Amino acid sequence: MWGRDMYAILEFENDIKSRVASVLDIDQNDIQLDIPGEDRGDYALPCFSFSKALKMNPPDAASYIASQLELEHGDVERTGPYLNFNIHEKYLAKNTIHGCLEKGDRYGELPAKKRKIIIEHTSANPNGPLHVGRARNPIIGDTISRIYSKAGYHVETQFYVDDIGRQVAILTWGTKNLQESELPEYGLDKIDHKLVRYYQKANQRMEEDGGVLEDIQGMMRDIEMGNKDILNEFSTNSERVMEGIRRSLERLNISHDVYKTESSLILDGSVSSVMQRMEELRICDRDEGALYFGEGDDRTFLTRGSGSSLYPLRDIAYHIWKSERCDEMLDVLGEDHKVHGAFLTSALSELGVKPVPRIIFHSFVSFQGERMSTRKGSYVTLDDIMNMAHEKAKEEVLARRDDLTMEDMERIAEIVGMGAVRYNIIRVQPEKPMDFKWEEALNLQGNSAPFVQYAHARASGIMERWDGDQKELLTKADTDKLTEEGEIKLIKKLAAYPREIRDAALSNAPHMMANYAYQLAARFNQFYRDYPVLKAEEKMMERLALVRSSKVVLSNVLWTMGITAPDSM
RNA sequence: GGGCAUGUGGCCUAGCCAGGAUAUGGCGACAGCCUCCUAAGCUGUAAGCCGGGGGUUCGAAUCCCCCCAUGCCCGCCA
């Protein structure tokens, strides 16, 4: 089904590389093509580095290479020491528009790789609602998962549920020992928001009273010794909070295929068997009974002196479990896990586990200059920001539209609001620090989700007003007629989409999708301003095909970010 | 103190890994554009020693070194 000529732009890129490589007699992987600004061509090649081997100055080297090239679907032009490559516009227009119209929501997909990747993200402690700081993880994780699925991978997403750790222990001490009456009012009528108060109060008690800490440690010991009642209490609390977290994520179009509980890894013996293997391989040591990996300041403790397991050991067990079920692993973790990530990688390598996970680290979202903390209650919850975004979007719809039912307005406000939240987080590189600001998070103009959604709604509006059969566009539109500058520029953006998918997956860069989506929407808006479609005398079918194609790609790229594409707003 | 990141116009940000042609764009500011497919849009103007200093190179925002600032980590927590 997928031919070599699946996407014109990728084929063109390959063609340039292989032909230049053969002229220079070098490996085509050593050729790094630039993607220059729009008016300088589709690809560019600086020829400085080839001039030595060719014994010519760079401009002459460029001329020489150009003279030896015969491209299948494009032209090469020399500008000083640079080569600029331009794909034949009619060829690109036909390939791209036909691709969009035929493939629809599958336009942009790359050939199936027959590889399964497990992407773990979120994995937040089930002790309370997700706050905005934590929300960066699922938004990055879900977006990269969607990108990988479009890049041809079989993707499975996982949430590692720490249902027996200290945080849940503290929460459980709270639910066992505290009365509703001694807690503050809850902010939102939602299970995770209600339960977090027990967690916070219990933390406070623990700090004041050493006995509470002992109680909590006792509960954790009991679980290790197989006390099923305590385990049930932990699991119940964990599941109740998870229910709240799941509902929050659902609103952002985020879900996980598999929830793997930490307790299951202890109960089925995998944790203790990993420990045994590590001891047999002599890749760990003991200090007063406690097992550790590594040396000196870098050692990581795997168990307590009492023999009970610690998170690093359990996480190894989890990764081994995952490794047996996939070809690749990708973890999305906060930057506080960097040292843990290095430990994980080296421990798994020494155990001979393959694959070893690749890890996307993201830095934290601060709030008013401080890190958000569930324990201290100093945070803005994800639910709060979603509700605010919905309200803000609703104000905007109310101000603009008087022809819609309240139900429609609510629906649009939800789509726009949730889109804005996701977009504002995903548009920034994961490793960059972010300071949470309401006015930015609720921004509905310029470089934002509504900008892209609006372009989509405009495209939808045009298509809805046309009463012809959309299937006819494929046969009736003569793409050779699309020769105006604004038409070609838009087509070039549409054509670039598969390359964006490829590159975003290759470099684990989800923010590239937002960047691309913005550029595409901007191009579409310019086209919309300059060229009438339904009132075009000569080229109505062609422009309709272009609008339809734009709608397809806008919708597809929004999908990769988990943002809904509205037909009206 | 050590390790790992980040530093781009008033604010936010792309480009950095694989060094090249006048450094992306947004917000805000200012000036314009709705008898015409939704103005959540479009056009234009002002605003930058790409944190600072060295180095490598024909060429550095990009690579190397030093320094400064900020964040994260340095627990038998996770």
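Keep in mind it's a predicted model, so treat the numbers as computed, not measured. Proteins get letters first, then strands, A, B, ... in listed order; numbering begins at 1 in each.
- The A/Arg458 side chain lies nearest to B/A39 when the options are B/A39, B/U38, B/U6.
- Within the 4.5 Å cutoff, no side-chain heavy atoms of A/Leu171 are placed close to those of A/Phe234.
- Checked against B/C76, B/U38, B/C42, the side chain of A/Ala522 finds its nearest nucleotide in B/C42.
- Comparing the P positions of B/C67 and B/C73 gives an interatomic distance of 23 Å, to the nearest angstrom.
- Computed from coordinates, the A/Arg502 CZ to B/A18 C1' distance equals 13 Å when rounded to whole Å.
- Atom CD of A/Glu439 and atom P of B/C12 are 11 Å apart (whole Å).
- Residue A/Arg543 contributes atom CZ, which lies 19 Å from atom P of B/C36 at whole-angstrom precision.
- Side-chain proximity of A/Leu534 to the nucleotides B/A14, B/C12, B/C37 is greatest for B/C37.
- For the C1' atom pair drawn from B/C58 and B/C72, the interatomic distance equals 41 Å after rounding to whole Å.
- Separation of the C1' atoms belonging to B/C17 and B/C77 is 34 Å when rounded to the nearest angstrom.
- Nucleic acid contact class of A/Val547 (heavy atoms, under 4.0 Å, all strands): none.
- For the pair A/Arg401 CZ and B/G41 C1', the interatomic distance rounds to 14 Å; values are reported in whole Å.
- B/G9 and B/G19: their C1' atoms are spaced 24 Å apart (whole Å).
- One atom, NE2 of A/His511, and another, P of B/C17, lie 14 Å apart when rounded to the nearest Å.
- In this structure, B/C34 is classed as syn because its glycosidic torsion stays within 90° of zero.
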Scoring nucleotides 70-75 of chain B by protein non-hydrogen atoms under 4.0 Å (B base, S sugar-phosphate only, - none) yields -BSS--

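- In this structure, of B/G26, B/A21, B/C58, it is B/C58 that holds the atom nearest to the side chain of A/Phe48.
- Here, B/C34 and B/U6 have their P atoms 47 Å apart, quoted to the whole Å.
- Ranking B/C37, B/U22, B/U8 by closeness to the A/Lys432 side chain, first place goes to B/U8.
- Between A/Arg529 and B/C37, a side-chain N or O to OP1/OP2 separation shorter than 4.0 Å is absent.
- Regarding A/Ile170, its CD1 atom lies at a distance of 12 Å from the P atom of B/C77, rounded to whole Å.
- Rounded to a whole Å, the CD atom of A/Gln453 is 15 Å from the C1' atom of B/G41.
- You'll find that the side chain of A/Val428 is closest to B/A14, out of B/C76, B/A14, B/C11.
- Remark: B/C42 base-pairs with B/G32. Criterion, Watson-Crick or G-U wobble with two distances under 3.5 Å.
- Put simply, CD on A/Glu500 is 11 Å from P on B/G15, counting in whole angstrom units.
- Between A/Phe367 and A/Tyr379, the distance from one ring center to the other does not fall under 6.0 angstrom.
- Residue A/Gln429 has its side chain nearest to B/A14 when only B/A14, B/U43, B/A39 are considered.
- Only the C1' atoms considered, B/G3 is 49 Å distant from B/G41, to the nearest whole Å.
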Dump every N/O contact between nucleotides 27-31 of chain B and the protein below 3.5 Å, one line per pair.
none

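- With a 3.5 Å ceiling on both atom-pair distances, the Watson-Crick or G-U wobble partner of B/C74 is B/G1.
- Among the protein residues, A/Ala44 comes within range of the nucleic acid bases, having at least one heavy atom under 4.0 Å from a base atom.
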